[in-house]
Number of protein chains: 2
Amino acid sequence: MKNDRKRTVKSADNLFGVLETVHELDGAGATTVADHLGIAKSTAHDHLSTLVEHEYLIKDGSTYRVGLKCLHFGVQAKNRIELADVARPSLEQMADETGEIAWLMVEEYGKGVYLEKAMGDRAVQPYGELGKRVPLQNIASGKAILAHLPDDRVREIAVTHPPTPRTEKTITDVDELLEELATVRERGYALNDGETFEGFRAVGSPIVSDGTVLGSIAVSGPENRFRGDRFTKEIPEIVTGAANAIELSLASR
Amino acid sequence: MKNDRKRTVKSADNLFGVLETVHELDGAGATTVADHLGIAKSTAHDHLSTLVEHEYLIKDGSTYRVGLKCLHFGVQAKNRIELADVARPSLEQMADETGEIAWLMVEEYGKGVYLEKAMGDRAVQPYGELGKRVPLQNIASGKAILAHLPDDRVREIAVTHPPTPRTEKTITDVDELLEELATVRERGYALNDGETFEGFRAVGSPIVSDGTVLGSIAVSGPENRFRGDRFTKEIPEIVTGAANAIELSLASR
DNA sequence: AGCTGTATTCGGTAGCTCCGAACAACCTTT
DNA sequence: AAAGGTTGTTCGGAGCTACCGAATACAGCT
């Protein structure tokens, strides 16, 4: 009934809950955290103190903030991903050629993680941030990745991480999604037409090696610079070209 | 006697212990972790499972590795530090002018954290990595920071985080350290003459604003390129110049 | 001074953590 | 292919602790 859950350390729920709350709110006090998690103030306080003692949080007056300790963990994980190194020059080239922002994304636990970015000279940044974890289904780079995962995994992800419908264009139906993914697979790139933010578009392409998808790259920008041939031909060509270049560099090592 | 420790969540010791062990060993299994921490295999296993459930670790066959979840936490903490943004151009300029590596460091919990780096065209990287936490006393950037902290705080740090003597030049005596810090304060920059690695030198300068030290910048490289006037005049001038530029940009916002 | 929101302390018990020992899975070795 | 070694994993239970609630201590208002 309720105890089919694995044998885990229960206090970790609260411990990480507190840490993640402080992160989410970008700094918070004991009461705020307690309310946010529905636990007693005193419990929140115990956990906050614990996290300070272990140097994961910093106490700034009476608000707590996340410290830098996690940075090294994340960087280590990122450094292990060969793709991040290899993709860097291609990302910069894409940013240069288009003037927009270029992103590198990988999948982890059914979510997309932004690993690298390169800013073009006209780049605006309305969404996304290094390390941010986002649903895969309603963004170009996410769909590029999903297109190369088995159907049942896609369904699983769609169920466990339903996207918050942000605009009326957000895809919510799984079958509709799978259909679009087939198209993506066929033509080699994915589009985001205002599904995340109104007036915001993107083109993404997967990085595939030995039949498995390692991640994806994408270029995004405002709709007025992403229309007509530029949206359906020029930029897709740049992005798929860059993806191919990355795949080649990966193969030759 | 032993219970003057604050009221904290005890299982966090093991939980973070396990996480940090996996990080330190760059991937490990249950037995390795258990031995490393001196706890029961089963306990290590429970905690590893817990960390996987919370998506902080990734299970790769039978070894566990740190995942990307922490990346966002660290990036948030870093983004909050205005200095990181402001220093970037100056770091790149230093790297260009010297051809070596330029670093930005801040202090947290008595340790130095590498926040940014810029690579010159001859740069070699023998030490340090983004987010890495190192003792402050035996590196140029660390001493630059310490020089602007109150003496008793320096003593406290020296006691709680004694540096592992890596070469015979490593300073271990606190009074000797304080004396050197006075010199640093006076001339405006700190030196590292093979104290961390044999044959490796560095020049560092603090970033001070309103009388408090926010962090430091440094340039490091092999001894054969860091000698004579270049080590005692040229590079110090570049570094202190860059530090001043950063302090000015910080003041005008 | 009073009031209203915070953070923080602390006693006590329901419930969890941790160990040890058994089991399982996977290898080398013979 | 069986034996032996190494690892990961499961599970019962004793002892400790995480959690709540109530009390207390601040801090900033009016």
Side-chain angles (χ1 to χ4, degrees), chain A residues 1-67 77 80 109, chain B residues 1-67 77 80 109:
Chain A
M1 35 200 286
K2 68 176 173 187
N3 213 1
D4 47 0
R5 189 177 155 191
K6 285 206 204 92
R7 196 175 250 257
T8 52
V9 180
K10 301 299 183 304
S11 46
D13 288 2
N14 279 335
L15 200 58
F16 290 129
V18 170
L19 179 59
E20 286 162 27
T21 303
V22 172
H23 168 67
E24 198 182 318
L25 304 178
D26 201 354
T31 309
T32 320
V33 172
D35 290 350
H36 198 266
L37 292 171
I39 58 177
K41 259 193 318 186
S42 52
T43 307
H45 182 260
D46 287 348
H47 284 272
L48 287 166
S49 307
T50 306
L51 287 161
V52 169
E53 187 181 74
H54 287 267
E55 305 184 356
Y56 288 85
L57 292 183
I58 290 181
K59 193 175 174 178
D60 180 15
S62 71
T63 56
Y64 297 81
R65 301 181 188 286
V66 273
R80 210 173 30 241
Y109 285 110
Chain B
M1 38 199 286
K2 67 176 174 188
N3 214 2
D4 47 359
R5 188 177 156 192
K6 286 206 203 92
R7 195 175 250 257
T8 52
V9 180
K10 301 297 182 304
S11 47
D13 289 2
N14 279 335
L15 200 58
F16 290 130
V18 169
L19 179 60
E20 286 162 28
T21 302
V22 172
H23 169 67
E24 197 182 319
L25 305 178
D26 200 355
T31 309
T32 321
V33 172
D35 290 351
H36 199 265
L37 292 171
I39 57 176
K41 256 191 323 184
S42 52
T43 307
H45 183 262
D46 288 348
H47 283 274
L48 287 166
S49 307
T50 306
L51 287 161
V52 168
E53 187 180 75
H54 287 268
E55 306 184 354
Y56 287 86
L57 293 183
I58 291 181
K59 194 174 175 181
D60 178 15
S62 71
T63 56
Y64 297 81
R65 301 182 186 287
V66 271
R80 209 175 29 242
Y109 283 111

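A note on names: the letters A, B, ... follow the listed sequences, proteins ahead of strands, and every chain is numbered from 1.
Nearest nucleotide to the A:Arg7 side chain, out of D:dC11, D:dT17, D:dC20: D:dC11. Looking at the side chain of A:Lys59, the nearest of the listed nucleotides C:dC16, C:dA7, D:dG8 is C:dA7. Of the candidate nucleotides D:dC19, D:dT9, D:dT17, D:dC19 has the atom lying nearest to any side-chain atom of A:Ser11.
Taking side-chain N and O atoms only, B:Ser62 has no distance below 4.0 Å to OP1 or OP2 of D:dT7. OP1 or OP2 of C:dT8 has at least one side-chain nitrogen or oxygen of A:Tyr64 nearer than 4.0 Å. Between B:Asn14 and the phosphate of C:dC18, there is a side-chain N or O to OP1/OP2 separation shorter than 4.0 Å. For A:Thr31, a side-chain nitrogen or oxygen approaches OP1 or OP2 of C:dA7 to under 4.0 Å. Within the 4.0 Å cut-off from OP1 or OP2 of D:dC11, not a single side-chain nitrogen or oxygen of B:His45 is found.
Atoms CG (B:Leu37) and C1' (C:dC19) sit 15 Å apart, rounded to a whole Å. Regarding B:Asp13, its CG atom lies at a distance of 14 Å from the C1' atom of D:dC16, rounded to whole Å. Following rounding to the nearest Å, A:Asp46 (CG) and D:dC20 (C1') show an atom-to-atom distance of 10 Å. Atom P of nucleotide D:dC19 and atom NZ of B:Lys10 are separated by 11 Å, given to the nearest angstrom. Atoms CG (A:Leu51) and P (D:dA18) sit 13 Å apart, rounded to a whole Å. Summarising the geometry, the separation between CG on B:Leu48 and C1' on D:dT7 is reported as 13 Å, rounded to the nearest angstrom. Note: CG (A:Asp35) to C1' (C:dA7) measures 13 Å, nearest angstrom.
In this structure, A:Val33 and A:Ala44 approach most closely via the heavy-atom pair CG1-CB, 4.2 Å.
Put simply, the side chain of B:Leu19 does not reach to within 4.5 Å of the side chain of B:Tyr64, judged on heavy atoms. A:His54 is not listed as a side-chain neighbour of B:Thr8, based on a closest heavy-atom distance of 4.5 Å or more. Between A:Tyr56 and A:Val22, every side-chain heavy-atom pair lies at or beyond the 4.5 Å cut-off.
If you check every strand for non-hydrogen atoms under 4.0 Å, A:Ser42 touches a base.
Evaluation of atom-type donor-acceptor distances gives a pair under 3.5 Å for the side chain of B:Lys41 against the base of D:dG8.
A:Arg80 places a side-chain N or O within donor-acceptor distance of the main-chain N or O of B:Val66, the cut-off being under 3.5 Å.
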